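Contents: one structure, followed by commentary.
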Amino acid sequence: MNGPVPVEILRQHLIDPEICIRCNTCEETCPIDAITHDGTNYVVKAEVCNGCMACVPPCPTGAIDNWRNVLKADAYSIDEQYTWDELPTQSASVSAPVEAPLAQGAAATPVAEAPDVTVAGSDLVRGSTVPPWSAARPYVNLYTHKAPTTATVVGNYRLTDDATESDIHHIVLDFGAMPFPVLEGQSIGILPPGATPEGRAHHARQYSIASPRDGERPGYNNVSLTVKRVTRDHGGNETDGVCSNYLCDLKKGDTVTVIGPFGNTFLMPNHPNSHLLMICTGTGSAPMRAMTEYRRRRRLKGATGKLMLFFGARTQQELPYFGPLMNLPKDFIDTNLAFSRTPGQPKRYVQDVLRERAVDVAQLLKDGNTHIYVCGLKGMEDGVLQTLQEIAEKHALSWDALWERLKREGRLHLETY
Ligand code: FAD
Ligand code: A2P
């Protein structure tokens with residue numbers, strides 16, 4: 001006589017398309033390539049995902065943290081997930097405790113629990129998944145796709161020289177009476193108007209906040225962004241980026257639809273003796289500007305915290321905020337610029353300048369108060385981590401141990417796109 005047919009239940013990992021801001025963080029973080037996307041949705045391959053949770057803490061919105069109990073044989077395929085505008089509800093027949101009978105003649109096997117993986121400080125992720133210990137507590141997801149807010153453009157001007165190809169704008173958005181509390185290092189989502197050729201509303205694009213917590217203009221309920229007009233795709237082919245062109249073309253008085261704020265780890269330490277080692281290219285300077293300005297406004301007498309900045313751009317004329325940056329006192333911030341396309345000069349990347357300042361960088365690496373921030377071009381991330389490793393090892397520091405410690409202690413923050 002045959003016994004009941006065993007039925008396997010899967011705790012299927014899914015991404016909520018209504019909250020997801022398509023920032024690609026999960027796909028990059030997943031150590032086993034279980035996450036992929038099309039032009040619409042980010043999805044999880046049920047047959048590959050092992051529930052390791054590496055992708056969960058870095059997700060800026062929490063869209064990643066969704067699970068449905070399904071019969072393994074009926075797991076949602078990625079093609080099905082691509083068509084979703086919202087997540088399916090939990091099917092009642094498999095949501096009950098697994099001891100409950102599922103179907104006549106069927107025996108349930110327990111839902112597999114996600115393995116207990118300590119993500120922070122593990123090899124699965126390259127940067128911290130926890131904030132610095134002294135960071136202020138951020139608000140996240142106050143405004144969502146379903147309930148966004150509106151901001152008014154109160155400023156929009158070009159930061160880069162008109163004669164250059166790089167068109168980077170400083171845009172100030174005012175929230176009026178709507179509360180929009182932010183911290184340096186956080187980002188917001190912009191919902192561009194219009195729809196894709198397939199008739200779906202455009203998804204939100206994420207932009208780092210370039211102003212400190214008390215506003216671009218102190219005491220005002222506003223934030224600034226640093227937005228680069230995308231005119232070429234990553235392959236160099238001509239294209240008009242939907243949201244960046246929309247933002248760069250906005251006029252004073254226009255309104256924009258905003259969601260967020262996002263981000264609960266890429267935050268600055270609040271203790272006055274903490275050091276900031278900031279490494280960025282192009283618009284990756286936005287969070288560095290926010291942190292630097294916060295420190296400048298709150299410069300405390302006697303505080304020993306240092307600010308060291310490494311900033312890369314094609315030329316001086318294409319480096320956002322060049323003038324204001326040069327006006328900051330040398331005893332307040334140690335600024336190091338790397339230009340890659342200055343006529344008649346050798347190509348220099350931030351990594352090259354880090355090497356030139358290796359002795360001072362090593363000093364900071366040895367100090368438990370140092371917090372490292374890397375933001376900007378995706379391509380620089382590997383190079384910067386390799387250079388930090390080189391510098392550490394030349395100065396008698398074990399990079400593997402230091403890297404683990406930096407990650408675990410919320411002192412290594414990477415945001416590249
Ligand atoms: P899309 O219409 O989405 O894309 C058009 C084409 O260009 C596509 O082929 C796409 O693959 C390609 N493409 C997309 N982005 C780029 C790019 N940066 N360079 C070259 N090709 C690209 N951008 C800022 O300007 N300032 C910021 O402070 C900023 N912060 C960000 C923070 C985070 C965490 C993330 C994930 C992204 C951030 N971005 C920032 C990038 C921003 O979210 C958009 O991706 C970017 O503005 C392009 O959007 P788009 O709608 O104009 O282009
Ligand atoms: P490049 O002249 O090779 O493009 P962008 O203007 O595209 O936002 O880039 C900002 C700066 O980052 C440019 O100087 C660019 O140099 C530089 N860059 C490009 N690739 C890397 C990389 N892998 N590591 C560090 N910097 C890079």
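Order of listing sets the numbers, starting from 1, for every ligand and every atom in it. Since this is a predicted model, take the numbers as computed values, not measurements.
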Just do the salt bridge (charged side-chain N to carboxylate O under 4.0 Å, His left out) check on Lys306 and Asp334 with the steps written out, would you? CA-CA 8 Å; Lys306 294 193 180 96; Asp334 180 350; over 6 Å; no
Tell me, with the steps shown, if Glu415 and Lys378 meet salt bridge (charged side-chain N to carboxylate O under 4.0 Å, His left out). CA-CA 8 Å; Glu415 192 159 271; Lys378 174 127 303 298; over 6 Å; no
Would Arg126 and Asp382 count as a salt bridge (charged side-chain N to carboxylate O under 4.0 Å, His left out) here? Give the steps. CA-CA 10 Å; Arg126 314 173 86 195; Asp382 278 343; 2.5 Å; yes
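When Gly312, Ser340, Pro320, Gly284 are ranked by how near their heavy atoms come to atom 15 (C) of ligand 2, first place goes to Ser340. Summarising the contacts of atom 9 (O) of ligand 2 with Asp382, Ile168, Leu377, Val384, the nearest heavy atom is found in Leu377.
Atom 25 (C) of ligand 2 has Gln351 OE1, 3.2 Å as its closest protein atom, hydrogens excluded (heavy atom only). At the top of the distance list for atom 23 (N) of ligand 2, counting protein heavy atoms only, stands Gly379 O, 3.1 Å. The protein non-hydrogen atom at the shortest distance from atom 17 (C) of ligand 2 is Tyr349 CE2, 3.7 Å. Atom 10 (C) of ligand 2 has Thr281 CB, 3.9 Å as its closest protein atom, hydrogens excluded (heavy atom only). Looking only at protein heavy atoms, the nearest one to atom 6 (O) of ligand 2 is Arg314 NE, 2.9 Å.
Counting only distance, with no hydrogens or angles, the side chain of His13 and the backbone of Trp67 share no donor-acceptor pair below 3.5 Å. Judged by distance alone, the side chain of Gln12 and the main-chain N or O of Val70 form no donor-acceptor pair under 3.5 Å.
Under the 4.0 Å criterion applied to side-chain N and carboxylate O atoms, Arg341 and Glu165 are not assigned as salt-bridge partners. Ion pair Asp167/Arg158 flagged as a salt bridge, since at least one NZ, NE, NH1 or NH2 atom sits closer than 4.0 Å to an Asp/Glu carboxylate oxygen. With salt bridges taken as basic N to acidic carboxylate O contacts below 4.0 Å, one links Glu409 and Arg411. At a threshold of 4.0 Å, the pair Lys251-Asp254 does not count as salt-bridged, since none of the basic side-chain nitrogens sits closer than that to a carboxylate oxygen. A salt bridge between Arg229 and Asp249 is present, with a side-chain N of the basic residue lying under 4.0 Å from a carboxylate O of the acidic one.
Here is the list of ligand 2 atoms found below 4.0 Å of a heavy atom in Lys228: 5 (P), 6 (O), 7 (O), 8 (O). The Ala313 neighbourhood of ligand 2 comprises atoms 11 (C), 13 (C), 14 (O), with distances under 4.0 Å to a heavy atom of that residue. Under a 4.0 Å criterion applied to the non-hydrogen atoms of Arg341, ligand 2 contributes the atoms 1 (P), 2 (O), 4 (O). Near Lys347, meaning under 4.0 Å from any of its heavy atoms, are these atoms of ligand 2: 1 (P), 2 (O), 3 (O).
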Inventory of protein N or O atoms under 3.5 Å from ligand 1 N or O:
from     : atom 1 : to     : atom 2 : distance (Å)
ligand 1 : 2 (O)  : Arg205 : NH2    : 3.3
ligand 1 : 2 (O)  : Val242 : N      : 2.9
ligand 1 : 3 (O)  : Arg205 : NE     : 3.3
ligand 1 : 3 (O)  : Arg205 : NH2    : 3.0
ligand 1 : 21 (N) : Arg232 : O      : 3.2
ligand 1 : 25 (O) : Lys228 : N      : 2.9
ligand 1 : 26 (N) : Thr226 : O      : 2.8
ligand 1 : 28 (O) : Ser208 : N      : 3.2
ligand 1 : 30 (N) : Ser208 : N      : 3.3
ligand 1 : 39 (N) : Gln206 : O      : 3.2
ligand 1 : 43 (O) : Gln206 : N      : 3.3
ligand 1 : 43 (O) : Gln206 : O      : 2.6
ligand 1 : 47 (O) : Tyr207 : OH     : 2.7
ligand 1 : 51 (O) : Arg205 : NE     : 2.9
ligand 1 : 51 (O) : Arg205 : NH2    : 3.3
ligand 1 : 51 (O) : Val242 : N      : 3.3
ligand 1 : 51 (O) : Cys243 : N      : 2.7
ligand 1 : 52 (O) : Val242 : N      : 3.4
ligand 1 : 52 (O) : Cys243 : N      : 3.4
ligand 1 : 52 (O) : Ser244 : N      : 2.9
ligand 1 : 52 (O) : Ser244 : OG     : 2.6

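Relative to the six-membered ring of Tyr294, Arg213 meets both conditions, a distance below 6.0 Å and an angle of at most 45° to the axis.
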